[in-house]
2 protein chains.
Amino acid sequence: MKCSESSAGTTITRGRPREFDPETALAAALRVFWTRGYENASLAELTEAMGITKPSLYACFGNKEALFRKALDLYERDKLAYIGTALEAPTARGVAEKLLRGALATHCGTSDPHGCLGVISSVACTNEVDSIRDHVVARRASSEAALIERFERAHAEGDLPPPVDPRALASCLTTVLQGLSVKAQGCACPSELQGTVDAFLSIWPSK
Amino acid sequence: MKCSESSAGTTITRGRPREFDPETALAAALRVFWTRGYENASLAELTEAMGITKPSLYACFGNKEALFRKALDLYERDKLAYIGTALEAPTARGVAEKLLRGALATHCGTSDPHGCLGVISSVACTNEVDSIRDHVVARRASSEAALIERFERAHAEGDLPPPVDPRALASCLTTVLQGLSVKAQGCACPSELQGTVDAFLSIWPSK
DNA sequence: GCACCTATATACCGCTCGGTATGAAATGTT
DNA sequence: AACATTTCATACCGAGCGGTATATAGGTGC
């Protein structure tokens, strides 16, 4: 019944038991969406990667869009956890540095696909009416809002030089983060992006 | 006769004359690719926007991929002309400013689609073997190489503070430019991006 | 007028897409 | 053993994709 439990307790099982683990299947689906984008990820690719058939996918996850949203949840929970901890850094500079280093590790690593799932999905989904795109853009906006709030606090605490608009500075940082995603997806050279991040941090306003 | 002449002289015409202007048709195709990306732009959309039929398209432009490459040529010639002039600015800061302002005008304007065609195409084309993606990424690399060269010259001229690596600084700038493309495509608020660009220029190293 | 050449319009091709109908297999319940 | 319930495997659906075959229309050269 709709993907059922992932939490501890074993649910009452009636009828033929499921032969796959929804969590690992979802993780496999995430990888496909991450490498191919929402629209380019076909059901054939997804089901093959997940090791299940189409009817199983639909019975467990609803449809392609619902599957994507669940994969996006998993992505934010597992892969973007560094954002939450970065925002807790004591200084604005520390926040920026943790965000940049975290993005580098997450989007340029060796084990996961390159680039940011959110950027890939929002840029690639260009349908006139596209709830996927709106969904992703909305999540990004709320994430940026948290960063703005953090920088406004830093501004109030005298942690940022007064002439700088904290809102614009936050936007500047997220712009770099999204640009890094584009670059990570294009060239597979993490060392170069390391230098890029270092350069950006070297011009970042301190105190 | 493969799209034939666009230059002045009227070519020798034998057989039924073409009923459309290849240049304006190509401009229409460019708009479609720009708003939808290469893969999402269907032949139905393209032919409707161009005002021609599929056989006419294939006779004049070859196929979808060839059409895209010609549209990309037109794009770089008409829409990215600001890059060439920006590189001629007397200072590194001037180069950066002209690139950022030019990108803002081009990718956030009211008359053209938002975002950068190159970014949209490279991010959205995720096929295992994708010559479109490689093509776009290669063009971007050559463009970035020119910027690096320009900044190395600026560095030699003492136009950049010595501790900064001109290569990394160039990469930093192009990262922001690509990030701006992502943002321009997502939110339709040029005023906010204006502030973003201002913020970036305010932290840009001077002398 | 006629042959020749090229662009047009229409209909079609094989293929893949997201999604589903159907029947068999595997469990718990009685 | 018989049934209810749920999952699995296969085959299938209509629609849209990029691309093309065919026949007709519209010109020039003779």
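No hydrogens, no waters, no symmetry mates; every other heavy atom, side chains included, goes into these values. Residue numbers begin at 1 in each chain, while the letters A, B, ... track the order of the sequences.
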With sequence neighbours excluded, residues passing side chain to side chain donor-acceptor pair (under 3.5 Å) with [X]:
{"X": "B/Thr53", "answer": "B/Ser56"}
{"X": "A/Thr175", "answer": "none"}
{"X": "B/Arg101", "answer": "B/Glu97, B/Asp198"}

Using heavy atoms and a sub-4.0 Å distance, could you list which residues of residues 25-40 of chain A are near DNA chain C? By number, please.
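Of all residues in residues 25-40 of chain A, none places a heavy atom under 4.0 Å from DNA chain C.
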Residues touching DNA chain C, which here means a heavy atom under 4.0 Å, drawn from residues 41-50 of chain A
A/Ala41, A/Ser42, A/Leu43
Please name all residues satisfying salt bridge (Lys or Arg N to Asp or Glu O under 4.0 Å) with [X], sequence neighbours left out, ordered by chain then number.
{"X": "B/Arg69", "answer": "B/Glu65"}
{"X": "A/Arg36", "answer": "A/Glu45"}
{"X": "A/Glu144", "answer": "B/Lys183"}
{"X": "A/Asp112", "answer": "A/Arg31, A/Lys79"}

Whether A/Arg14 contacts C/dT27 is assessed here as follows: a side-chain N or O lying under 4.0 Å from the phosphate OP1 or OP2. Is that the case?
no
Tell me the interatomic distance from [X], atom [atom1], to [N], atom [atom2], rounded to whole angstroms.
{"X": "A/Phe20", "N": "D/dT6", "atom1": "CZ", "atom2": "C1'", "result": "12 Å"}
{"X": "A/Leu67", "N": "C/dG19", "atom1": "CG", "atom2": "P", "result": "10 Å"}
{"X": "A/Ile132", "N": "C/dG18", "atom1": "CD1", "atom2": "C1'", "result": "13 Å"}
{"X": "B/Asn127", "N": "C/dC17", "atom1": "CG", "atom2": "C1'", "result": "14 Å"}
{"X": "B/Tyr58", "N": "C/dC13", "atom1": "OH", "atom2": "P", "result": "18 Å"}
{"X": "A/Glu65", "N": "C/dG19", "atom1": "CD", "atom2": "C1'", "result": "14 Å"}
{"X": "A/Asn63", "N": "C/dG19", "atom1": "CG", "atom2": "P", "result": "5 Å"}
{"X": "A/Leu57", "N": "C/dG18", "atom1": "CG", "atom2": "P", "result": "11 Å"}

Among residues at least two apart in sequence or on other chains, which ones pass ring-ring contact (aromatic ring centres under 6.0 Å, His included) with A/Phe68?
A/Phe33, A/Tyr38
Has B/Arg153 got its NZ or CZ under 6.0 Å from the middle of the six-membered ring of B/Phe151, at an angle within 45 degrees of the ring axis?
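Pair B/Arg153/B/Phe151 does not count as cation-pi.
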Per-pair distances, 0.1 Å, donor-acceptor, side chain in residues 84-96 of chain A, under 3.5 Å, sequence neighbours excluded:
{"residue": "A/Thr85", "atom": "OG1", "partner": "A/Tyr82", "partner atom": "O", "Å": "3.0"}
{"residue": "A/Thr91", "atom": "OG1", "partner": "A/Gly94", "partner atom": "N", "Å": "2.9"}
{"residue": "A/Arg93", "atom": "NH2", "partner": "A/Leu201", "partner atom": "O", "Å": "2.7"}

Heavy-atom closest pair (A/Thr106 atom, A/Trp34 atom, distance to 0.1 Å) is O-CZ2, 4.0 Å
Between the protein and nucleotides 9-11 of chain C, which nitrogen or oxygen pairs come in under 3.5 angstrom?
none

